[in-house]
2 protein chains.
Amino acid sequence: MDRVDRAAAEALDADDPVSGWRTQFGGQEGAAIYLDGNSLGRPAAFVVEALNRAVGEWAEDLVGGWSRWIDLPRTVGDRVGRLIGAGPGQVVVCDNTTVNLYKLASAALSAQPGRRLILGDAGDFPTDRYVLQGLAGATGRVLRLLHGHPTEGLSSEEVQAAIDNDTALVCLSHVSFRSGARLELASITAAAHRHGALILWDLCHSAGAVPVDLDQAGVDLAVGCTYKYLNGGPGAPAFLYVRRDLQTRLRQPIWGWFGQRHQFAMGPDYEPESGIERFLTGTAPVLGLAAVDAAASALEAVGIDALWSKSQRMTAMLAELVEERLAPLGASLASPRDPGRRGAHVSVAHPLAWPWCRALIDQDLVVGDFRPPDVIRLGPAPLYTRFVDVFDAVERMEAVLAAGVTDTGERPRVT
Amino acid sequence: MDRVDRAAAEALDADDPVSGWRTQFGGQEGAAIYLDGNSLGRPAAFVVEALNRAVGEWAEDLVGGWSRWIDLPRTVGDRVGRLIGAGPGQVVVCDNTTVNLYKLASAALSAQPGRRLILGDAGDFPTDRYVLQGLAGATGRVLRLLHGHPTEGLSSEEVQAAIDNDTALVCLSHVSFRSGARLELASITAAAHRHGALILWDLCHSAGAVPVDLDQAGVDLAVGCTYKYLNGGPGAPAFLYVRRDLQTRLRQPIWGWFGQRHQFAMGPDYEPESGIERFLTGTAPVLGLAAVDAAASALEAVGIDALWSKSQRMTAMLAELVEERLAPLGASLASPRDPGRRGAHVSVAHPLAWPWCRALIDQDLVVGDFRPPDVIRLGPAPLYTRFVDVFDAVERMEAVLAAGVTDTGERPRVT
């Protein structure tokens, strides 16, 4: 690639088939450049409309609305499924990622009574590690966390080598929340299956941006959130996937009325639904589901391949600009160098990452997010971010760093 | 009480100090009379405004909104706490009732390793029974479900007599979802404590309408939803209560990042928050929390005592009208005869309850809800229901029944 200049970025925007969607995501002109769609996606106009419609249905139909709302976990699940290569009847949208991880990991461990080992990633997102830690203790399992390279992550080879015939469950994030390093989903799934282990993928940092083909890879279980690239809103309900032929074999531990067969017969004993609904718990969050439905429909219309194609070009530009403009100021790429090993975000390390990140936000320049101890994550969501935004963001980051940032010693309560 | 006529109902409305709030709950003139606020509360104008504000914050503040949103589970919890007699720092709003029941019942059982028995109500709401059934199986406990009278419910005496020194956990609904029968929360709690049992109250059919004084009764644990009398919207997040001095003694099984001390340090090991936040799981549902906050603030402004006073007069009128107008047509009161044993809704039994209920809804007359096999529940939510609504509803029910309803044999998929 030639040296990136702004004209090159403008040319890429002019050619971008996705660019028309940006107008649906208002409030971007003149504001700080938002490169944090990997943490919380922006609200689209059509999502706000869908929320208003759902509130209108509540007002108008009142309790009668449930005759339609009752199907939302499955129908919105099928829609999310189409973004992650899952055929119908294998995904539901419900609860949050933590609860879904707990349900599926617990169900998997119950189905593997003779096996002692749970395999995870020491660099994984906290909730994933904590859920596994809790379940290991509760079920007398050993949790083995692999330590990957801080910026390159685990290699798919070392993960495969760590799976053995005593492994009950392998639980990994497809894309690392921190470095953006991407694991080989298909080959690791195949390795788990060769050893009789079940595999649970966390797709929080993939869904809606990075291609995933759960059915084709024969994945057992997956979870993910809908508030990052899926743009469902802060705390929107999460999703879970259970491969069709596993559904009747697995039972999750939280026996609630939304998982019950013939729910409204209200019978004396819990008898789980035969299909994916058995992984539901209690009353479905209707407004959140309506938002996710609308938000995911846009991604479906654009297509993950188009989004991924743009994303790869944006992160390549970003990585190159980090090397060219920020490395001379002491920053470094904190994501894999090989684009084939990256997800849809790129991280930058610097000893003063926190005050630098804070100054960029406080001066309304760039919104990224800090991850301790020394990383700023930059996620240019392909649906509404322009190539010039990437270019300008790095230029602003360079200017702030060149002007000098000071560490006051304060650390974020929330990042 | 004299024979109820419409003029008497109108006179009660004219004297009603709560009546001014009705204008906030639109769409009621000329529509079917909504007596189902005990199933799904209506949206108030100020709740819709709060939702719009929250969507605006999402658009405006983006990820930066989390610096405030992060506190919502606890601050909204404190507000809900004020409606159920709970001092600050003992309630959080999160997850759904099923998940909250699971977390608290599981935590309670872990804290009672030597005791074998879980005590519940065979007539309780399905999710409560199913959660206990699942946990009994998973922890090697015996679930003993008491069978109460179908309309009078369990007596507080028989519940107290059933608690023994082998009882780990007593889990009951304060007000029965079906009959509206109300248990004596304080005396049953005291009985549980005399035997060293922990007690978990489901307040779904009390919160926001019936006085509850958790702190004064020394209750251990409680859960409830926010979409009934609390008017938080379909599938709005639920609440949970853990008495302050129990919090550090109990550990819930779903170890997520929102329950972690120093959440954003993202440390290697799960170390739960010392306070009520340890009962949180994953990312908080911000829009739902904003709706609950606004909705509960109105109930707080009115005061539970005023609401309960009106509720009791409405259900007394309703019960009397059922006897006077509907009993001659084969219907009967399916709630306790003693007003002192009722909650805020009243049920009516009839062999043709389902087609009767359906006809009332289809003809835009009265919205109640059917509970199999033969009950229609009527919940006149005191915040927005008038005494004339109660009077007119029974008159309409009488007219439809007198005209004749036919059982087609169809049964509801959703009620």
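Every chain is numbered from 1, with letters handed out A, B, ... down the list of sequences.
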Whatever's closer than 4.5 Å to a heavy atom in chain A on B/T97 counts as neither
Exercise for the section: Compare all side-chain heavy atoms of B/D95 with those of A/N96 and state whether any distance is below 4.5 angstrom. Expected result: yes
So, the part of A/Q260 with a heavy atom under 4.5 Å from chain B: the answer is side chain
**Message:** Show, in sequence, the C-alpha distance, side-chain angles and deciding distance for B/I254 and A/I254, and conclude whether the side chain to side chain contact (heavy atoms under 4.5 Å, CB included) test is met.
**Reply:** CA-CA 11 Å; B/I254 308 176; A/I254 308 175; 4.0 Å; yes
So, the part of B/L62 with a heavy atom under 4.5 Å from chain A: the answer is both
* Heavy-atom side-chain proximity of B/Y102 to A/V99 below 4.5 angstrom -> no
The interface call for B/A236 against chain A, heavy-atom contacts under 4.5 Å, is neither
Should A/W69 and B/L40 count as side-chain neighbours, where that means a heavy-atom distance under 4.5 Å? yes
Turns out that what part of A/V367 lies under 4.5 Å from chain B's heavy atoms comes down to side chain
Okay, B/L51 and chain A: the region with an atom under 4.5 Å from a heavy atom over there is side chain
Tightest non-hydrogen contact, residues B/G41 and A/W58, listed as O-NE1, 2.8 Å
Applying a strict 4.5 Å limit to non-hydrogen atoms, the region of A/N52 in contact with chain B is side chain
The interface call for B/Y227 against chain A, heavy-atom contacts under 4.5 Å, is side chain
Closest heavy-atom pair, A/A265 versus B/P372, reported as atoms and distance to 0.1 Å, is O-CG, 4.1 Å
- [ ] Kindly say whether B/D128 contributes a backbone atom to a donor-acceptor pair with the side chain of A/W257 at under 3.5 angstrom?
- [x] no
Closest non-hydrogen atoms of B/Y130 and A/G267, given as atom of the first, atom of the second and distance, are OH-O, 2.7 Å
Turns out that what part of B/A32 lies under 4.5 Å from chain A's heavy atoms comes down to neither
(request) Indicate yes or no for a side-chain donor-acceptor contact from B/R129 to the backbone of A/M266 under 3.5 Å, with no hydrogens or angles considered. (result) yes
Honestly, the part of B/D71 sitting under 4.5 Å from a heavy atom of chain A is side chain
On a heavy-atom basis, the closest approach of B/V63 and A/S39 is CG2-OG, 3.5 Å
For B/T98 and A/G282 the tightest heavy-atom approach is OG1-CA, 3.3 Å
